[in-house]
Chemist: 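Okay, handing you the structure first.
What's counted below: heavy atoms across the whole structure, side chains too, no hydrogens, waters or symmetry copies.
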Amino acid sequence: MFAERLYCGKLTRSDVDKEILLAGWVDRRRDHGGIIFIMLRDVSGIVQIVADESLNRETALIADKLRNEFCICVKGTVRLRGSESVNPDMKTGEIEIVASSIEILSESEVPPFQIETRDHIHEDIRLKYRYLDLRRENMQISLIKRHEMMQTTRNYLVKNNFIEIETPVLNKSTPEGARDFLVPSRLHGGQFYALPQSPQLFKQILMISGFDRYFNIVKCFRDEDLRNDRQPEFTQIDMELSFIDQQMIMKIIEGLLKDIVKTVTGKEIGSDFPVLSYEDAMERYGKDAPDTRFGLELLTVTDIFKDSEFKVFKNTIDTGGVIKVLPVESGDKITRKMLDDYTEWVKIFKAGGLPNCRFRGGNFEGGISKFLSEDEKKKLIEKCTLKDDTVLFFGCDRKQVVNDSLGNLRIKIAKDIDIIDQEKLNFVWVTQFPLLEYSYEDKRYFAKHHPFTAPAAESMDKLNNITPENVDDILAQAYDIVLNGVEIGGGSIRINRPEIQSRMFDLIGINEEEANEKFSFLLDALKFGAPPHGGLALGLDRIMMILLQRESIREVIAFPKTQRGQCMMSQAPSAVAKDQLKELSLRISEIKND
RNA sequence: GGGGGUGUAGCUCAGUUGGUUAGAGCACCUGCCUGUCACGCAGGGGGCCGCGAGUUCGAGUCUCGUCACUCCCGCCA
């Protein structure tokens, strides 16, 4: 019966006079008494059906019974609309279908929310009835574009000699990194698999096996608290290559991202992606994932204030802190109230306050201006090339607090004064990351990227003389790709020599015994002619979210979890039967909820 | 673990200083209507004001607690 079925949204004036069959859902019904218009929707779009009592009484009677979201099948003839009734806002607005028969395939209750409404429906109810939410245009676009992006990715990578290989989902729990989701083993009571945070080790093993270009569009799992761009399970485009260097990988990924942007948005990105060092990114933007769509760059002014009379600055410098300034031009857009709000807001990032002042008519006024010496004023004007009517926000604290507070304030102000061009897609590579960072609390080093990242060639010597003070000088062959201030991917050249890998474990406090227990297969594999290799993983969900300008990652995932990790539709997670637990050698002790 | 926002009809929201019977738009139901396209017109039904305590003569409104969703800090190599 459905063999001849056509798609609503694909019909054009070239189909006029054809007898056709359509199937879909009633998007809307407009009853004019003798004539009823039905907007019929399927995955391709919407077309107008006309049931005319004077032409076909039986069909008009069925049309009278139709309600929103009924699933129906329509036979009819495509007809050109009269010139006055053309709807230029509709893709199929030039035509309509005169129904010769309508069959109700399945009735619908009144939906809990209107599918075609312009209201912003609360997310919990959308997620509970996700099957209805997914009928809405925005979600259909999301999922279809996501599919197209995956197709583009496969085409591009296959063209570049990549081989798609699947890696296991049931895996081994490893130290470091995010909290693992665990899966109890029935055959090995008391033991657990872990779901992969990424297929890191397996893809390196594949390089050693000789598959010199691997990719995998793969689910990854991290049991950490959620954000609007973080889900417990998410999708990575995972890649690894042998016989390459950092520049080659960056070139290949640039090509892929340009193809993806073209597919999803239709935009062409002509130029090469700019490259920033981690140090420059932190200095100018206060973040390792800078949003370069607007200016408002930070400047370090510690030197200018080394003899400051302003106690707060003086104390900061004396205790080894730094002073940075965020100059905001068009200062007239910054009201007194905003100054107060920002001062309160930066406390989120542990800043004690937000010293500020205005530069207007050649003078500094308000805020801390009375503490500024003539010399300091002169140097500020010079260093910041101050224009008239600029508000200066100062950060003075430990370097990290200053970067956190001013880096985030920079973005907040840009949004508040509306200087971000939403159409821009600013990619930027961030490179030259430190290999390690030192935690004073744990009194040990941690891998900044992950423990398999190769040190930069020029940093190899320093590895043996590492101290908490010089740890930032030891660089990694790691690179992140950032889009509009969001980290959408990252990777590194890996260690391919066992003695360096052992040294690395040693540095981050994984002793030989532990390294052997957790990673012996990698350490062993490295002994059998491991090629130089490296790779990168892209966050598919995040890329889609940005390219489609969606407010959250959940808008590009068919069945996402809420912030507390639940599925509103299936009600997962849930308790299980005692028998299931017993089979797994498990017993619930105390229930811990936050 | 911590901070902010939201929660009133099926949906989106308004609800003044604590004061009569809690409103609007959309949706829904009935009737009318032959060119609409967010159709129109007339009529109608629909409320645990998230939940629980408290203050008060009186609570949607004030206080405390609690739950859900959401944004953020911590966390996420």
Side-chain angles (χ1 to χ4, degrees), chain A residues 27-39 46-55 60 67-69 79 81-90 92-93 96 98 109-129 132 174-180 197-198 200 220-232 234 341 344-351 401 404-405 408 412 433-437 439 445-453 476 478 487 490-492 504 508 510 537 539 551-552 554 561-564 566 568 592-594:
Chain A
D27 195 59
R28 228 173 230 286
R29 188 184 71 108
R30 289 183 292 273
D31 184 348
H32 286 254
I35 189 166
I36 297 174
F37 299 100
I38 298 141
M39 306 312 277
I46 297 177
V47 73
Q48 174 165 285
I49 312 292
V50 186
D52 192 330
E53 193 182 56
S54 65
L55 295 177
R67 294 295 180 270
N68 284 352
E69 300 313 314
R79 177 169 79 181
R81 293 201 198 180
S83 59
E84 264 128 60
S85 46
V86 164
N87 184 347
D89 298 329
M90 259 179 95
T92 58
E96 62 191 7
V98 186
E109 290 185 7
V110 178
F113 54 85
Q114 289 164 255
I115 306 303
E116 79 306 0
T117 184
R118 293 163 197 199
D119 287 342
H120 172 88
I121 312 292
H122 283 202
E123 210 170 340
D124 43 357
I125 197 144
R126 287 177 56 200
L127 292 177
K128 180 173 177 188
Y129 301 98
L132 297 179
T174 55
E176 306 279 302
R179 199 176 289 118
D180 282 323
Q197 298 174 27
S198 81
Q200 183 59 38
C220 301
F221 306 84
R222 295 179 188 175
D223 188 6
E224 297 292 347
D225 286 355
L226 308 182
R227 288 285 188 280
N228 87 121
D229 62 351
R230 278 170 22 194
Q231 281 277 301
F234 58 99
D341 290 347
E344 197 55 36
W345 190 77
V346 293
K347 290 179 184 166
I348 297 171
F349 307 98
K350 307 273 184 278
V401 172
D404 271 357
S405 52
N408 284 302
K412 183 170 172 62
F433 283 85
L435 182 68
L436 301 159
E437 50 196 349
S439 162
Y445 299 96
F446 284 87
K448 185 139 186 129
H449 186 61
H450 60 51
F452 316 104
T453 299
E487 183 199 324
S492 62
M504 187 70 182
I508 61 173
I510 296 179
E551 285 164 33
S552 93
R554 298 180 298 278
K561 306 280 188 288
T562 67
Q563 196 164 42
R564 294 202 56 220
Q566 290 175 296
M568 296 298 268
K592 185 167 173 269
N593 274 331
D594 294 353

Chemist: Could you tell me the separation between the CZ atom of A/R179 and the P atom of B/G74, rounded to a whole number of Å?
Modeler: 15 Å
Chemist: Can you tell me if the side-chain N/O atoms of A/Q566 get under 4.0 Å from OP1 or OP2 in B/C69?
Modeler: yes
Chemist: Would you check if the side chain of A/R230 reaches a backbone N or O of A/D225 as a donor-acceptor pair within less than 3.5 Å?
Modeler: yes
Chemist: Distance check, C1' atoms only: B/U55 and B/U63, in whole angstrom units.
Modeler: 7 Å
Chemist: Provide, to the nearest angstrom, the distance between the CD1 atom belonging to A/I348 and the P atom belonging to B/G5.
Modeler: 12 Å
Chemist: Can you check the A/I115 CD1 to B/C26 C1' distance for me, whole Å?
Modeler: 14 Å
Chemist: Hey, is the side chain of A/R81 poking within less than 4.0 Å of OP1 or OP2 on B/U36, counting only N and O atoms?
Modeler: no
Chemist: If you define the side chain from C-beta out and look only at heavy atoms, does anything of A/W345 sit under 4.5 Å from A/N408?
Modeler: yes
Chemist: If you measure from the C1' atom in B/G60 to the same atom in B/G50, how many Å do you get, rounded?
Modeler: 12 Å
Chemist: Looking only at atom types and distance, does a side-chain atom of A/D119 sit under 3.5 Å from a main-chain N or O of A/I121, one as donor and one as acceptor?
Modeler: no
Chemist: What is the distance, rounded to the nearest whole Å, between atom CD of A/Q563 and atom C1' of B/G4?
Modeler: 12 Å
Chemist: Should A/H122 be listed as having a side-chain N or O under 4.0 Å from OP1 or OP2 of B/C13?
Modeler: yes
Chemist: By a 5.5 angstrom centroid cut-off and a 30 degree plane limit, is there stacking between A/F37 and B/U36?
Modeler: yes
Chemist: Does a side-chain N or O from A/R118 land closer than 4.0 Å to OP1 or OP2 of B/G25, or not?
Modeler: no
Chemist: Under 4.0 angstrom, heavy atoms only, what part of the nucleic acid is A/T453 near: base, sugar-phosphate, or nothing?
Modeler: nothing
Chemist: A/D225 has an atom CG; how far is it from atom P of B/C71, in whole Å?
Modeler: 13 Å
Chemist: Which whole-number value in Å describes the distance from A/D31 CG to B/G40 P?
Modeler: 13 Å
Chemist: State the pairing partner of B/C69; accept Watson-Crick or G-U wobble contacts with both distances under 3.5 Å, and report none otherwise.
Modeler: B/G5
Chemist: Give the intermediate values and the outcome of side chain to side chain donor-acceptor pair (under 3.5 Å) for residues A/Q197 and A/D180.
Modeler: CA-CA 7 Å; A/Q197 298 174 27; A/D180 282 323; 2.6 Å; yes
Chemist: Looking at A/E116 and A/R28, does any basic side-chain N land under 4.0 Å from a carboxylate oxygen?
Modeler: yes
Chemist: Is any side-chain N or O of A/R126 closer than 4.0 Å to OP1 or OP2 of B/C11?
Modeler: no
Chemist: Using side-chain heavy atoms (C-beta onward) and a distance below 4.5 Å, is A/R222 in contact with A/F234?
Modeler: yes
Chemist: State whether A/R554 places a side-chain N or O below 4.0 Å from either non-bridging phosphate oxygen (OP1 or OP2) of B/C71.
Modeler: yes
Chemist: Please determine whether a side-chain nitrogen or oxygen atom of A/N228 lies at a distance below 4.0 Å from atom OP1 or OP2 of B/C72.
Modeler: yes
Chemist: If I take atom CZ in residue A/R30 and atom P in nucleotide B/U34, what distance separates them, rounded to the nearest angstrom?
Modeler: 16 Å
Chemist: Find the partner of B/G47: check Watson-Crick (N1-N3 plus N6-O4 or O6-N4) and G-U wobble (N1-O2, O6-N3) distances, both under 3.5 Å, and reply none if neither fits.
Modeler: none
Chemist: Mind checking A/D124 for me? I need base, sugar-phosphate or nothing, with any heavy atom below 4.0 Å counting as a touch.
Modeler: sugar-phosphate
Chemist: Are OP1 or OP2 of B/U36 and a side-chain N or O of A/S85 less than 4.0 angstrom apart?
Modeler: no
Chemist: Quick one: A/D52 CG to B/U36 C1', roughly how many Å, whole number?
Modeler: 13 Å
